[in-house]
Amino acid sequence: MKNIQLAALDMDGTLLRNDHTISEQNKHALVQAKEKGIHIVIATGRSLMAVESYVEELGLDGHLITGNGSEIWKLDGRPELVERTPLESRIVDTLWNIRRRHNTRHWAATTTKVWKQEMPDDIIGETWLKFGYDTGNPDVRDAILEELKDVEHLIEITNSHPLNLEINAKGVHKADAVQRVLSWYNLSFENVIACGDSLNDKTMIEAAGLGVAMHNAQEDIKHSADFVTKSNDDHGVAEAFRHFGLI
């Protein structure tokens, strides 16, 4: 049995049920794990604004990873920014133009707002964290991926659903952010259990001592994991903690 001292948990499709709530079983599992000295770290593609209520609900302390790793926060009362790696504005301008050519849905996060189906007049003047395409169509997704080849050396491309694309700055991903948190605790990835369901979770699942995929995860993520737990709607995080004796 590995010496697990930190749990890195995705939110959507993992800790959260499909109705975006956290089951009592998962809440209790996190409380029990914390009582055993395990650090609970949320590692999500969401921005801080979209995760703060869950942090409060769970009573989390320690650290929080948002925007797929573009920001790391210290949770000590009001969240305090520790690190931020923006996505260059000129790249966002390129991504926006691709979106307009394909007439697909999108979302884009700055440090102060999540933009959906609109963009600010001054894209260059904003500080961006992530850009996402919600295609709903595999042909559109693939066409966008083809265009992204022109800037792929500057970006990380993942997803949180098979038909969307999430874009971060090069080198920004959940495993890198988790590694930074581990260094502050003098831990290594051998001490980590990581749970997720989508491509944006793959790096941390592969790096972790125990990589866990949800039953509802994309097949590639299941192949990358050490263990496939129950679905997000069936308290899969709690089931994984029980399976590995963490609670």
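For this chain, numbers begin at 1 and follow the sequence in order.
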Check: [Y] main-chain N/O paired with [X] side-chain donor or acceptor under 3.5 Å:
| X | Y | result |
| --- | --- | --- |
| Thr14 | Met11 | no |
| Asp201 | Ser198 | yes |
| Arg141 | Pro162 | yes |
| Asp61 | Asp76 | no |
| Asn97 | Asp93 | yes |
| Asn191 | Asn3 | yes |
| Thr127 | Thr110 | no |
| Asn232 | Leu15 | no |

Non-hydrogen side-chain atoms of [X] and [Y] separated by less than 4.5 Å:
| X | Y | answer |
| --- | --- | --- |
| Val181 | Leu187 | no |
| His243 | Val212 | no |
| Glu57 | Lys27 | yes |
| Met214 | Ser231 | no |
| Leu182 | Val192 | yes |
| Pro79 | Leu48 | yes |
| Leu64 | Ile72 | no |
| Gln179 | Lys174 | no |

If you round to the nearest 0.5 Å, how far is [atom2] of [Y] from [atom1] of [X]?
| X | Y | atom1 | atom2 | answer |
| --- | --- | --- | --- | --- |
| Ile65 | Leu9 | CD1 | CG | 10.5 Å |
| Phe227 | Ile193 | CZ | CD1 | 8.5 Å |
| Phe189 | Lys2 | CZ | NZ | 13.0 Å |
| Asp197 | His215 | CG | NE2 | 13.0 Å |
| Asp176 | Glu156 | CG | CD | 9.0 Å |
| Asn137 | Thr104 | CG | OG1 | 8.0 Å |

Original post:
Under the side chain to side chain donor-acceptor pair (under 3.5 Å) test, which residues partner Thr21, sequence neighbours left out?
Top reply: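 Expected list: Arg17, Asp19.
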Subject >> Residues which pass side chain to side chain donor-acceptor pair (under 3.5 Å) with Lys202, listed by chain and number, not counting sequence neighbours >> reply: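 For Lys202 the side chain to side chain donor-acceptor pair (under 3.5 Å) partners, ignoring immediate neighbours, are Asp220.
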**OP:** Identify the residue among Lys130, Glu126, Met119 that makes a side-chain contact (heavy atoms from CB on, under 4.5 Å) with Val92.
**Re:**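 Per the side-chain contact (heavy atoms from CB on, under 4.5 Å) rule, the option paired with Val92 is Met119, out of Lys130, Glu126, Met119.
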Could you pull out all residues at least two apart from [X] that satisfy ring pair (Phe, Tyr, Trp, His ring centres under 6.0 Å)?
| X | result |
| --- | --- |
| Phe131 | His106, Tyr133 |
| His28 | none |
| Trp107 | none |

Original post:
Stepwise, does the side-chain contact (heavy atoms from CB on, under 4.5 Å) test hold for Trp115 with Trp128?
Top reply: CA-CA 11 Å; Trp115 296 82; Trp128 297 94; 3.9 Å; yes
Cluster link [X] to [Y], ILVMFWY, side chain under 4.5 Å:
| X | Y | value |
| --- | --- | --- |
| Val151 | Val140 | yes |
| Ile157 | Leu154 | yes |
| Val114 | Ile91 | no |
| Ile38 | Val237 | yes |
| Leu210 | Ile247 | yes |

Heavy-atom closest contact ([X] atom, [Y] atom, distance):
| X | Y | value |
| --- | --- | --- |
| Leu129 | Asn168 | O-ND2, 3.1 Å |
| Gly69 | Val172 | C-CG1, 3.5 Å |
| Phe241 | Ala7 | CZ-CB, 3.7 Å |
| Cys195 | Ile205 | C-CD1, 4.5 Å |
| Tyr185 | Gly62 | OH-CA, 3.6 Å |
| Trp73 | Glu71 | CZ2-OE1, 3.2 Å |

Could you verify whether a donor N or O on one side chain and an acceptor N or O on the other, from [X] and [Y], lie under 3.5 Å apart?
| X | Y | result |
| --- | --- | --- |
| Asn164 | Asp134 | no |
| Glu166 | Asn159 | no |
| His102 | Glu147 | yes |

**OP:** Taking atom CG of Asp142 as the centre, report whether more than 12 heavy atoms of other residues, nucleotides or ligands fall under 6.0 Å from it.
**Re:**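 Yes - once you tally the heavy atoms of other residues, nucleotides and ligands closer than 6.0 Å, there are more than 12.
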**OP:** Take atom CD of Glu118 as the centre, draw a 6.0 Å sphere, and report whether it contains more than 12 heavy atoms from other residues, nucleotides or ligands.
**Re:**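 Count over threshold, so yes.
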Original post:
After noting the C-alpha distance and the side-chain angles of Leu95 and Leu148, does the key distance pass the side-chain contact (heavy atoms from CB on, under 4.5 Å) rule?
Top reply: CA-CA 8 Å; Leu95 301 176; Leu148 290 176; 3.4 Å; yes
Subject >> Lys/Arg-Asp/Glu bridge criterion (N-O < 4.0 Å) met for Lys74, Glu80 >> reply: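 Result for this pair is no, no salt bridge flagged.
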Subject >> Lys/Arg-Asp/Glu bridge criterion (N-O < 4.0 Å) met for Glu152, Lys170 >> reply: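 Result for this pair is no, no salt bridge flagged.
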Subject >> Summary of side chain to side chain donor-acceptor pair (under 3.5 Å) pairs that have at least one residue in residues 34-54, sequence neighbours excluded >> reply: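 Sorted result for residues 34-54: Asp12-Arg46.
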**OP:** Decide side-chain contact (heavy atoms from CB on, under 4.5 Å) for Lys230 and His235; before the verdict, give the C-alpha distance in whole Å, the side-chain angles of both, and the deciding distance to 0.1 Å.
**Re:** CA-CA 7 Å; Lys230 293 181 179 179; His235 332 297; over 6 Å; no
Subject >> CA sep, side-chain torsions, deciding dist, call: Ile4, Phe244, side-chain contact (heavy atoms from CB on, under 4.5 Å) >> reply: CA-CA 9 Å; Ile4 299 300; Phe244 289 110; over 6 Å; no
